[in-house]
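Report on the following structure.
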There are 2 protein chains.
Amino acid sequence: MTRKVQARTLATRDRLLAAGREIVTVSGMAGLRTEEVVLRAGTAKGTFFAHFTDRDHFLAALLAESLAGELAPLGAPQDRAALMRVLERVYVLFAADAETVALLARFSGPAGAGLGLDRLICEVVDRLAEGLGMMQARGEVGARARPEVLAEGLMALIFHAAASAQCGMHGDAVAVRARADRLLVEMAEALLWP
Amino acid sequence: MTRKVQARTLATRDRLLAAGREIVTVSGMAGLRTEEVVLRAGTAKGTFFAHFTDRDHFLAALLAESLAGELAPLGAPQDRAALMRVLERVYVLFAADAETVALLARFSGPAGAGLGLDRLICEVVDRLAEGLGMMQARGEVGARARPEVLAEGLMALIFHAAASAQCGMHGDAVAVRARADRLLVEMAEALLWP
DNA sequence: TCCATAAATTGACTTTGGTCAATATTGCAG
DNA sequence: CTGCAATATTGACCAAAGTCAATTTATGGA
């Protein structure tokens with residue numbers, strides 16, 4: 001017989017996530033140790049892995065929390081300029097650091113179902129598609145593809161630009177970033193050309 | 001004073017890579033243990049890490065070897081049909097498994113400089129751009145962006161489709177794959193529309 | 001209230017990636 | 001050929017993720 005989730009369970013999960021949040025703000029995702037998480041949360045190691053499949057799933061949950069707060073305010077863009085602002089904003093969030101890029105690559109698709117990240121991305125795509133549909137109706141954007149396809153294409157460009165912007169240990173990080181940025185804009189223009 | 005690379009060094013590196021190749025064909029990338037690699041190669045653990053930064057860099061080197069053999073035969077596509085065949089081929093190679101997708105996401109950009117993967121991708125992009133340039137001249141493909149930009153955009157779409165095709169533990173893997181496949185084609189058409 | 005059992009938690013233990021001071025081998029100048 | 005400095009190799013050791021049998025705690029029916 002299957003029972004309802006205990007309040008205790010949710011409380012423990014929240015304590016773990018809160019601990020994770022604290023650590024990430026101080027040491028970044030790369031510096032997060034599960035030992036330290038359970039220490040701060042006041043649980044045993046096993047509890048951590050009873051709640052989250054592995055370290056990466058935990059980080060993905062933290063990232064989803066954090067991105068949700070940033071992405072929620074972004075509504076459907078009403079014109080080309082607003083669209084480009086949204087793309088730029090999402091790109092900046094996604095390219096924040098190498099960990100973020102890796103987590104998004106791994107969990108933003110169907111593989112991340114149930115973690116929050118996938119739904120988050122879907123919502124952004126839906127809002128983009130909504131805006132694109134209106135722009136297509138006004139002839140502001142080409143109608144060579146359905147709005148949903150265009151929206152997903154734009155997300156693909158953002159992911160790619162974010163990945164490209166992750167320059168390992170080069171000194172020319174700024175140049176690489178600028179190039180990725182420009183590429184995103186040029187490709188978006190090509191895709192949207194009326 | 002800096003000396004020339006010893007033959008011994010290259011031999012050791014080759015033994016490690018050969019061992020890795022064997023293991024991957026049997027157990028896949030996820031099943032590769034560094035212990036087993038050095039056991040088969042007949043070296044100490046430390047030698048492995050003297051040659052490769054970490055396990056992922058080693059896997060990236062293996063992947064680069066393997067992809068090089070597959071990508072080299074692909075010339076510059078002469079027309080739209082040939083272009084779509086190349087895209088499909090590259091997509092299939094990249095979407096082979098979750099490890100491949102993750103490695104490409106991490107090392108195909110500037111972060112993977114010197115590992116071979118980045119150059120491999122660049123070569124494909126260059127050949128695509130070459131073909132696209134000719135097609136643009138014939139009016140077969142839209143000239144809304146420079147050929148190099150279009151080529152990189154197409155690679156972005158391939159990466160995205162490959163990532164989307166990685167369905168964790170769902171039974172509907174086939175449906176997900178088909179959706180990713182269709183998306184790639186539709187977005188490519190939108191980008192190339194004359 | 002009481003008990004059977006599902007669910008949650010524990011922490012010692014295992015696995016595995018990665019380090020490093022010590023050692024062995026090689027290239028090269030004299 | 002010889003000695004020395006650069007390079008390569010070694011393997012014991014460490015750090016941290018992840019496991020699991022045992023234990024505790026909550027739930028819902030009788």
Side-chain angles (χ1 to χ4, degrees), chain A residues 1-20 22-24 26-63 98-99 102-103 106-107 115 168-169, chain B residues 1-20 23-24 26-63 98-99 102-103 106-107 114-115 168-169:
Chain A
M1 226 277 260
T2 154
R3 291 173 181 174
K4 72 175 177 187
V5 240
Q6 300 176 16
R8 177 176 57 149
T9 309
L10 296 176
T12 304
R13 192 189 146 90
D14 283 350
R15 287 212 317 282
L16 288 168
L17 286 171
E22 285 174 23
I23 296 170
V24 165
V26 175
S27 321
M29 290 193 174
L32 180 139
R33 301 294 101 121
T34 58
E35 292 278 11
E36 199 186 339
V37 175
V38 298
L39 193 74
R40 289 206 189 210
T43 71
K45 194 123 172 231
T47 304
F48 180 97
F49 290 99
H51 282 262
F52 302 93
T53 311
D54 58 24
R55 183 176 170 279
D56 280 2
H57 280 73
F58 180 68
L59 287 176
L62 285 177
L63 182 61
E99 312 295 318
L103 286 173
R106 183 162 165 208
F107 293 118
L115 283 169
M169 37 236 67
Chain B
M1 226 275 258
T2 154
R3 292 174 180 176
K4 72 177 179 189
V5 246
Q6 300 178 16
R8 178 176 57 150
T9 309
L10 297 176
T12 304
R13 192 190 147 90
D14 283 349
R15 285 213 317 283
L16 288 167
L17 287 171
I23 296 169
V24 166
V26 175
S27 320
M29 290 192 173
L32 180 140
R33 301 294 101 121
T34 58
E35 293 277 12
E36 199 187 337
V37 174
V38 298
L39 192 74
R40 288 205 190 213
T43 72
K45 193 118 168 239
T47 304
F48 180 97
F49 291 99
H51 282 262
F52 302 94
T53 311
D54 58 23
R55 182 177 172 277
D56 279 1
H57 280 71
F58 180 68
L59 286 177
L62 285 178
L63 182 61
E99 311 295 319
L103 287 173
R106 182 163 166 208
F107 293 119
L115 283 169
M169 37 237 64

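Hydrogens, waters and symmetry mates play no part in the numbers below; they use all other heavy atoms, side chains included. Below, chains carry the letters A, B, ... as their sequence lines are ordered, and counting in each starts from 1.
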Using a strict heavy-atom distance below 4.0 Å, which residues from residues 53-60 of chain B are in contact with DNA chain C? B/D54, B/R55

Heavy atoms only, 4.0 Å cut-off, all strands: where does A/L32 land among base, sugar-phosphate and nothing? sugar-phosphate

Figure out the CZ/C1' separation between A/R33 and D/dG18, and round it to whole Å. 15 Å

Rounded to the nearest 0.5 Å, what separation is found between the CD atom of B/E36 and the OG atom of B/S27? 6.0 Å

Kindly state which residues belonging to residues 34-41 of chain B come within less than 4.0 angstrom of DNA chain C, counting heavy atoms of the residue only, listed by number. B/T34

Out of curiosity, A/L59 CG to A/E99 CD, how far, rounded to the nearest 0.5 Å? 7.5 Å

Between C/dT19 (P) and B/F52 (CZ): distance, integer Å: 15 Å

Tell me every residue that passes side chain to side chain contact (heavy atoms under 4.5 Å, CB included) with A/A19, counting only those two or more places apart in sequence or in another chain. A/V37, A/R40, A/A41

Sequence neighbours left out, cut at 3.5 Å: what donor-acceptor pairs do the side chains of residues 47-56 of chain B make with other protein atoms?
{"from": "B/D54", "atom 1": "OD1", "to": "B/D56", "atom 2": "N", "distance (Å)": "3.2"}
{"from": "B/D54", "atom 1": "OD1", "to": "B/H57", "atom 2": "N", "distance (Å)": "2.9"}
{"from": "B/D54", "atom 1": "OD1", "to": "B/H57", "atom 2": "ND1", "distance (Å)": "2.8"}
{"from": "B/R55", "atom 1": "NE", "to": "B/L32", "atom 2": "O", "distance (Å)": "3.1"}
{"from": "B/R55", "atom 1": "NH2", "to": "B/M29", "atom 2": "O", "distance (Å)": "3.1"}
{"from": "B/R55", "atom 1": "NH2", "to": "B/L32", "atom 2": "O", "distance (Å)": "3.3"}
{"from": "B/D56", "atom 1": "OD2", "to": "B/R106", "atom 2": "NH1", "distance (Å)": "2.7"}

Can you name the nearest heavy-atom pair linking A/A60 to A/L115, along with the distance? CB-CD1, 4.3 Å

Could you run down the sub-3.5 Å N/O contacts of the protein with nucleotides 8-11 of chain C?
{"from": "C/dA8", "atom 1": "OP1", "to": "A/T9", "atom 2": "OG1", "distance (Å)": "2.8"}
{"from": "C/dA8", "atom 1": "O4'", "to": "A/R8", "atom 2": "NH2", "distance (Å)": "3.3"}
{"from": "C/dT9", "atom 1": "OP1", "to": "A/T12", "atom 2": "OG1", "distance (Å)": "2.4"}
{"from": "C/dT9", "atom 1": "OP2", "to": "A/H51", "atom 2": "NE2", "distance (Å)": "2.7"}
{"from": "C/dT10", "atom 1": "OP2", "to": "A/A44", "atom 2": "N", "distance (Å)": "2.9"}
{"from": "C/dT10", "atom 1": "OP2", "to": "A/T47", "atom 2": "OG1", "distance (Å)": "2.8"}
{"from": "C/dG11", "atom 1": "O6", "to": "A/G46", "atom 2": "N", "distance (Å)": "3.3"}

Could you list, one pair per line, each protein nitrogen or oxygen that sits under 3.5 Å from a nitrogen or oxygen of nucleotides 2-5 of chain C, together with the distance?
{"from": "C/dT5", "atom 1": "O2", "to": "A/R3", "atom 2": "NH2", "distance (Å)": "3.1"}

Answer yes or no: is there a side-chain heavy-atom contact under 4.5 Å between A/L17 and A/F58? yes

Looking at A/T12 and A/R8, would you say the former's side chain and the latter's main chain have a donor-acceptor pair under 3.5 Å? yes

